[in-house]
Q: 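The structure follows.
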Amino acid sequence: MGDNIGIVGLGVMGMNLALNIEGHGAAVVGYDLDTRRVDGFTARAATGSRIAGAESPADLMAKVGRPRRILLMVPAGRPVDDAISQLEPHLDTGDILIDGGNSWFLDTERRSKALAARGFNYVGAGVSGGELGALTGPSIMPGGQKEAWEALAPILTAIAAKAEDGEPCVAYMGPGGAGHYVKMVHNGIEYGDMQLIAETYDLLHRGLGLEAAELSAIFSAWNEGELRSYLIEITSRILAKSDGETGAPLVDVILDEAEQKGTGKWMSQNAFDIGAPVPTINAAVESRIISSLKHERVLASAVLRGPSPRYTGPKEPLIAAARDGLYASKITSYAQGFGQMRIASAEYGYGLQPGTIARIWRAGCIIRASLLDEIASACDRDPGLTNLLLDAAFRETVDSRQESWRFVVQTTVALGIPAPAISASLAYYDASRTGRLPANLTQAQRDCFGAHTYRRVDRDGVFHTEWL
């Protein structure tokens, strides 16, 4: 590695990654189109620190030692291409550009090929952990040329989060856009996790009438067991937070419109492209879209009728069932995400290693959870595992919670409380364990109206029938 590294884009993530890198012994030169950010960056420099600012792309490239390592922390899309075009005239053979943003993986493929043709290296690195993770240790998913990863490995290993066993949460994902593909799936699973938790909260809040403080205690207790994860932990803390102005639980005064930056949607779109079933993630994306239709929902709530959302049975059995249903749904959601990566790996020639991916997600990233240790173990037991649900341990875990899981779905339906992600998770499980689905009728319909033909169960060949 050169004696320093350049960073383009000094927003919160870029700034904190720069400080993380400098804290691990490398000098950092920062540049941003907004000169105030450069000034703020250099102002953060402590006495004796190795932080410097740059006035222009040319100045940045002149100050970074060869071979250059330039980390781009700019918004996905056109800004990445603009940054590359500004830097490329100053690149030398052996220099490496690293895109640490949430870029669309096919954009990364395009950029990587174009730069490689001119003798430059390009790494698409998924980075997860938010602003705190960027500063203290994120999970990093680099993809691109293997030699570029090997050149970057010392610094990326140093700044990455460390799992409880001390293993750094960074590893080479594969060629081209593999790193950004894995990050896209990470974010899709994150969407699923968040929606599953929100639906469980809704059932216990509206269905059982539990207030935020009670729910905070429940989620805190759940975080001590098999559901232990960053998202469960922060849910407990969020539910305990009071609004400084009204004294009410802060969560109760937040508008119920969830925004999205698009990576979860990308996962769903690509799943359709490559034929990967991810109904839980799809439900999570659709739920955010429905939440954005606030005006329409308020108008409809005045005229559309449904059952009372209040549950009249004993509370404790439903709370226990909600915990089990949430865990079973979570396992199913991860099974979908890892299944999509298996299909994509074959489609794009990435050579993804699911056990390695599970391990680097154990710390630093948003979906870090104790469940990932179990997933890594399942992948070790069977490197060719096609679906997590087929692993003996997961099969038993889900099966033992089936009754509770179905009770939760039945209860949400009976109360009129929407739970699309939990319901989709259970439907995926049931479809996966069904040896004969009604697609035979679907195929007959296609042949009837469009002469699309069909195959038979009793002999080889392709057939068509004059149905009408």
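Computed over heavy atoms, backbone and side chain alike; hydrogens, waters and symmetry mates excluded.
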Q: Could you walk me through whether Gln353 and Met173 satisfy the side chain to side chain contact (heavy atoms under 4.5 Å, CB included) test, starting with their C-alpha distance in whole Å, then the side-chain angles of each, then the deciding distance to 0.1 Å, before giving a yes or no?
A: CA-CA 7 Å; Gln353 300 297 315; Met173 296 289 97; over 6 Å; no

Q: Do the non-hydrogen side-chain atoms of Ile7 and Ile21 ever get within less than 4.5 Å of each other?
A: yes

Q: When you compare the side chains of Asn282 and Ser268, does any donor N or O come within less than 3.5 Å of an acceptor on the partner?
A: yes

Q: As an exercise, state the distance from CG of Leu352 to OH of Tyr181, rounded to the nearest 0.5 Å.
A: 8.5 Å

Q: Any chance you could lay out the side chain to side chain contact (heavy atoms under 4.5 Å, CB included) test for Tyr191 and Met267, step after step, and finish with the verdict?
A: CA-CA 10 Å; Tyr191 273 51; Met267 179 178 171; over 6 Å; no

Q: Check for a donor-acceptor pair, side chain of Asn20 on one end and backbone N or O of Ile159 on the other, with a separation under 3.5 Å.
A: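 A pair under 3.5 Å: yes.
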
Q: Distance-only, no hydrogens or angles: does the Glu109 side chain make a donor-acceptor pair with backbone N or O of Gly176 under 3.5 Å?
A: no

Q: Distance from Tyr31 atom OH to Ile70 atom CD1, nearest 0.5 Å?
A: 12.5 Å

Q: Between Val29 and Phe41, what is the shortest heavy-atom contact and its length?
A: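 The answer is C-CE2, 4.4 Å.
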
Q: A quick test of your reading: do over 12 heavy atoms of other residues, nucleotides or ligands sit less than 6.0 Å from CD of Glu245?
A: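 No - once you tally the heavy atoms of other residues, nucleotides and ligands closer than 6.0 Å, there are 12 at most.
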
Q: Any side-chain heavy atom of Asp256 within less than 4.5 Å of one from Ser291?
A: no

Q: List the steps, then state whether salt bridge (Lys or Arg N to Asp or Glu O under 4.0 Å) holds for Asp81 with Arg78.
A: CA-CA 5 Å; Asp81 289 315; Arg78 177 73 178 273; over 6 Å; no

Q: One thing to verify: whether Asp107 and Arg110 come together as a salt bridge, which I'm taking to mean a side-chain N less than 4.0 angstrom from a carboxylate O.
A: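 Yes, charged N to carboxylate O under 4.0 Å.
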
Q: If only atom types and distance count, is the side chain of Arg368 paired as donor or acceptor with the main-chain N or O of Gly364 below 3.5 Å?
A: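 Between the backbone of Gly364 and the side chain of Arg368 there is a qualifying donor-acceptor contact (under 3.5 Å).
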
Q: Give a yes or no on whether the backbone of Trp222 and the side-chain of Arg323 come within a donor-acceptor separation of less than 3.5 Å.
A: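 Absent.
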
Q: First locate atom CD1 of Ile5, then atom CZ of Arg68, and finally report the distance between them rounded to the nearest 0.5 Å.
A: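 Rounded to the nearest 0.5 Å, the CD1-CZ separation comes out at 13.5 Å.
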
Q: Do His180 side-chain atoms and Asp99 backbone N/O form a donor-acceptor pair below 3.5 Å?
A: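 Indeed, once roles are kept as given, a pair shorter than 3.5 Å links the two residues.
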
Q: Return the minimal non-hydrogen interatomic distance between Gln195 and Pro420, and the atom names on each side.
A: NE2-CG, 4.4 Å

Q: CZ of Arg228: more than 12 outside heavy atoms within 6.0 angstrom?
A: no

Q: Report yes if the side chains of Phe120 and Glu88 come closer than 4.5 Å at any heavy-atom pair, otherwise no.
A: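 Answer yes - side chains close enough.
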
Q: Are more than 12 heavy atoms, taken from residues, nucleotides or ligands other than Gln269, located less than 6.0 Å from that residue's CD atom?
A: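 More than 12 heavy atoms, drawn from other residues, nucleotides or ligands, come within 6.0 Å of this atom.
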
Q: Is Leu19 close to Ile51 at the side-chain level, that is, under 4.5 Å between some pair of heavy atoms?
A: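 With C-beta onward as the side chain, the pair touches.
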
Q: State, with a plain yes or no, whether a side-chain heavy atom of Met73 is found less than 4.5 Å away from one of Asn16.
A: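 Result no, sub-4.5 Å side-chain heavy-atom pair not found.
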
Q: Atom CZ of Phe338 and atom CD1 of Ile375: how far apart are they, to the nearest 0.5 Å?
A: 4.5 Å

Q: For Leu72 and Ile84: C-alpha separation, side-chain torsions, deciding distance, then whether side chain to side chain contact (heavy atoms under 4.5 Å, CB included) applies.
A: CA-CA 9 Å; Leu72 309 179; Ile84 292 172; 4.0 Å; yes

Q: Shortest non-hydrogen contact from Pro354 to Cys379?
A: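 That closest heavy-atom pairing would be CB-SG, 3.8 Å.
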
Q: Give a yes or no on whether the backbone of Met341 and the side-chain of Ser345 come within a donor-acceptor separation of less than 3.5 Å.
A: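 Pair absent, no side-chain N/O of Ser345 close to backbone of Met341.
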
Q: Do you know the tightest heavy-atom contact between Ala76 and Ser103?
A: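 Smallest heavy-atom distance, with atoms named: CB-CA, 3.9 Å.
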
Q: Answer yes or no: is there a side-chain heavy-atom contact under 4.5 Å between Val298 and Lys294?
A: yes

Q: For Val278 and Ala271, which heavy atoms make the closest approach, and how far apart are they?
A: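 Closest pair (atom of Val278, atom of Ala271, distance): CG2-CB, 3.4 Å.
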
Q: Can you check whether Glu211's main-chain N or O pairs, donor with acceptor, with Glu214's side chain at less than 3.5 Å?
A: yes

Q: Distance check, rounded to the nearest 0.5 Å: Leu326 atom CG versus Asp193 atom CG?
A: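 Those atoms lie 8.0 Å apart.
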
Q: Report the residue from Glu167, Glu164, Glu374 that forms a salt bridge (Lys or Arg N to Asp or Glu O under 4.0 Å) with Arg362.
A: Glu167

Q: Any chance the side chains of Gln340 and Gln336 put a donor and an acceptor closer than 3.5 Å?
A: no

Q: Treating Ser236 as the side-chain partner and Phe219 as the backbone partner, does any N or O pair qualify as donor plus acceptor under 3.5 Å?
A: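 Side chain of Ser236 to backbone of Phe219, a donor-acceptor pair under 3.5 Å: no, none is there.
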
Q: Do Leu371 and Phe394 come close enough that some side-chain heavy atom pair is under 4.5 Å?
A: yes

Q: Within a 6.0 Å radius of atom CZ on Arg381, are there more than 12 heavy atoms belonging to other residues, nucleotides or ligands?
A: yes

Q: Could you tell me whether the side chain of Ile422 reaches within less than 4.5 Å of the side chain of Thr412, counting heavy atoms only?
A: no

Q: Cation-pi check for Tyr327 against Arg401: NZ or CZ below 6.0 Å from the six-membered ring centre and within 45 degrees of the axis, yes or no?
A: no

Q: Using atom types as modelled and distance alone, determine if a side-chain donor or acceptor of Ser216 lies under 3.5 Å from a backbone N or O of Ala212.
A: no

Q: Determine the interplanar angle of the Trp405 and Tyr429 rings, folded into 0 to 90°, and report it as parallel if under 30°, tilted if 30 to 60°, perpendicular if over 60°.
A: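 Because their plane-to-plane angle lies in the 30° to 60° range, the rings of Trp405 and Tyr429 count as tilted.
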
Q: Could you check Ser425 against Ser333 for side chain to side chain donor-acceptor pair (under 3.5 Å), going step by step and ending with a plain yes or no?
A: CA-CA 7 Å; Ser425 298; Ser333 180; 5.8 Å; no

Q: What's the spacing between Thr200 OG1 and Leu215 CG if we round to 0.5 Å?
A: 10.5 Å

Q: Closest heavy-atom contact between Leu385 and Arg342?
A: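 So the two residues come closest at O-CD, 4.2 Å.
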
Q: Begin with the C-alpha distance, continue with both residues' side-chain angles, and end with the deciding distance and a verdict on side chain to side chain contact (heavy atoms under 4.5 Å, CB included) for Tyr201 and Val251.
A: CA-CA 11 Å; Tyr201 152 79; Val251 71; 4.3 Å; yes

Q: Answer yes when Arg359 and Asp165 have at least one side-chain N-carboxylate O distance shorter than 4.0 Å, and no when they do not.
A: no

Q: Okay, side chain of His24, backbone of Ala158: is any donor-acceptor separation there less than 3.5 Å?
A: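 Yes: the side chain of His24 pairs with the backbone of Ala158.
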
Q: Could you give the side-chain donor-acceptor pairs of residues 135-155 under 3.5 Å, partners two or more places apart or in another chain?
A:
residue, atom, partner, partner atom, Å
Thr136, OG1, Leu132, O, 2.9
Ser139, OG, Ile360, O, 2.6
Gln145, OE1, Tyr122, N, 3.1

